[in-house]
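Residue numbers begin at 1 in each chain, while the letters A, B, ... track the order of the sequences.
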Protein chains: 2
Amino acid sequence: MLEAGQQLVDASQGETHIPRQNLHSEVLALLRTAIMEGRFKPKERLNERLLCERFGISRTPLREAFKVLAAEGLLTLLPNRGVVVTTLSIADFEATLSVMAHLETMIGEQAAINSDEQTITKIRAWHHQMFAHFLRQEMAPYFELNQKIHIGLAAATGNAVLVSLYASLNAKILRYRYQANLQPERWQAAVEEHEDILSALILRDAPRLGALLRQHLLNKGAAIKSSLEEG
Amino acid sequence: MLEAGQQLVDASQGETHIPRQNLHSEVLALLRTAIMEGRFKPKERLNERLLCERFGISRTPLREAFKVLAAEGLLTLLPNRGVVVTTLSIADFEATLSVMAHLETMIGEQAAINSDEQTITKIRAWHHQMFAHFLRQEMAPYFELNQKIHIGLAAATGNAVLVSLYASLNAKILRYRYQANLQPERWQAAVEEHEDILSALILRDAPRLGALLRQHLLNKGAAIKSSLEEG
DNA sequence: TTTGTTCATATTGCATTCAAAATTCATTTC
DNA sequence: GAAATGAATTTTGAATGCAATATGAACAAA
């Protein structure tokens, strides 16, 4: 069964209604996370009936979620033959990486300029927490904080469109990371890159932060790609 | 009523299935175009029952299309109260424009390098057709060719992700152009910008094409914004 | 006039039903 | 034994039905 009532009221906007979530969006979020975390693997077929039983819902909201995830590029609809988790071709993967590299540059340059002090403090705190998890070699919480930092940097630009675009593209490639096993030396290097990123943010060095984020992404992408080609 | 049988068989790929489109995606495309062309205006509420009758379909595929368009940012779902055409705040508009400016730069730089000769020939032909429509002050076909050129340039990069992202962001702001009445002097200027764009493409001057496309977009955005603020 | 209450109507969210298509599998044919 | 055929089953796509929610009109009280 789906847990109701976990949605919090977002009172940030004055006129907004109380966000009584509907089933469709809850299932959507659930599936999106499952795909991103690799619990549904690329090429895997999703069975409507089984998922309906699992979630305790009918086919209608599930199918609505399928359509949205297909539009996001996480699922592929096969007419009359169901849905499968989208498989990125190498070309797709590289195309996505190439666009993201530009977005990362944009994020770095604008975050360095537009971040307020509290945001920087927050990101610094996340960084140190993440570092602690690295020292203890705790992969899952490390990933989680890593994500927080990157989304936090995107948010620090103050550009909501940039955030959602970044998150959406990130989802498409990030799920491959759960398949790719992170090599120890790459992990070490990533942490060092994060040290530089943090210091560029604190110094508000816009060109440098942009370049660092860009390179960090490209390195991560290369690591995932090589790991996938081996596996 | 929906016209059946207007979908053509795309036999370009050997193994592909016959694309017997399902209702949901036909309605989706139909609605998307209608919103983009401003036939549904921002803030306008879409009535399920009326649209069902108009299209001669049931609520299920229509609602699926609604969900996808909401994910694309063209519609806004009001829980239990239906859907309305999304209204971009000034902040949203500028955020979108800012991201698109970066994408345009990327498109220009990569299209200059990656275009093949046929593509350049094709874009040149579109340009001259478009120019003819400008001389005759034929707005609608001018817009259509203008769109073709911009999407064509994005496609010339060879990056499919970039194309779809560009198209999606473009949809969000382009629909305001149908509200904004194009000023004669802006139209004149836009055509001149297109002359420069074409020549930079032919010369394969990557930095210049990137800069020109970027500035062209920003000019277009500024024109739409000022026109909206007046209206 | 404004504010509050009640009830009828319309609309939405989800479940269910029905028909069309694909898949499976036993059977036949070569 | 492999390929081909066709009926039974499963799965999908779309329509319909039903309960919950929102809207709006009518009316009463301040």
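A salt bridge does not link A:Lys148 to A:Glu144: none of the charged side-chain nitrogens sits closer than 4.0 Å to a carboxylate oxygen. Using a 4.0 Å cut-off between charged side-chain N and carboxylate O, B:Arg214 and B:Glu104 make no salt bridge.
Surrounding CZ of A:Arg186 are more than 12 heavy atoms belonging to other residues, nucleotides or ligands, all under 6.0 Å away.
The list of salt bridge (Lys or Arg N to Asp or Glu O under 4.0 Å) pairs with a residue in residues 154-177 of chain A, not counting sequence neighbours, is empty.
Note: CZ (B:Arg49) to P (C:dT12) measures 9 Å, nearest angstrom. Protein atom CG of A:Leu23 is 12 Å distant from nucleotide atom P of C:dT16, rounded to whole Å. For the pair B:Glu48 CD and D:dT23 P, the interatomic distance rounds to 14 Å; values are reported in whole Å. Between the CG atom of B:Asn80 and the P atom of C:dT12 there is a distance of 9 Å, given to the nearest Å. Rounded to whole Å, the distance from CZ on A:Phe55 to P on C:dA15 is 13 Å. Summarising the geometry, the separation between CG on A:Leu51 and P on C:dA15 is reported as 14 Å, rounded to the nearest angstrom. Atom-to-atom, CG of B:Asn22 to C1' of D:dA14 comes out at 10 Å; the value is rounded to the nearest Å.
The CE atom of B:Met106 sits 13.0 Å away from the CG atom of B:Leu213 when rounded to the nearest 0.5 Å.
Classified by interplanar angle (parallel below 30°, tilted 30° to 60°, perpendicular above 60°), the ring pair B:His150/B:Tyr166 is tilted.
For A:Arg81 against D:dG13, a side-chain-to-base donor-acceptor contact under 3.5 Å is absent.
Of the two residues contacting DNA chain D, namely B:Arg59 and B:His24, the nearest-nucleotide position lying further toward the 5' end is that of B:His24.
Counting heavy atoms from C-beta outward, B:Ile149 and B:Lys122 have side chains that stay 4.5 Å or more apart. For the pair A:Val85 and A:Lys41, the minimum side-chain heavy-atom distance is 4.5 Å or more.
Helix bend of the helix from C:dT1-D:dA30 to C:dC30-D:dG1: the angle between its two end axes, each built from five pairs, comes to 10° after rounding to 10°.
Contacts of residues 61-72 of chain B with DNA chain C (heavy atom under 4.0 Å): B:Arg63.
Checking the phosphate oxygens (OP1, OP2) of D:dA14, no side-chain nitrogen or oxygen of B:Thr60 falls inside 4.0 Å. In this model, the phosphate group of D:dT11 is approached by a side-chain N or O of A:Asn47 to a distance below 4.0 Å at OP1 or OP2.
Defined by atom type and a distance below 3.5 Å, a donor-acceptor pair is missing between the side-chain atoms of A:Asn159 and B:Glu94.
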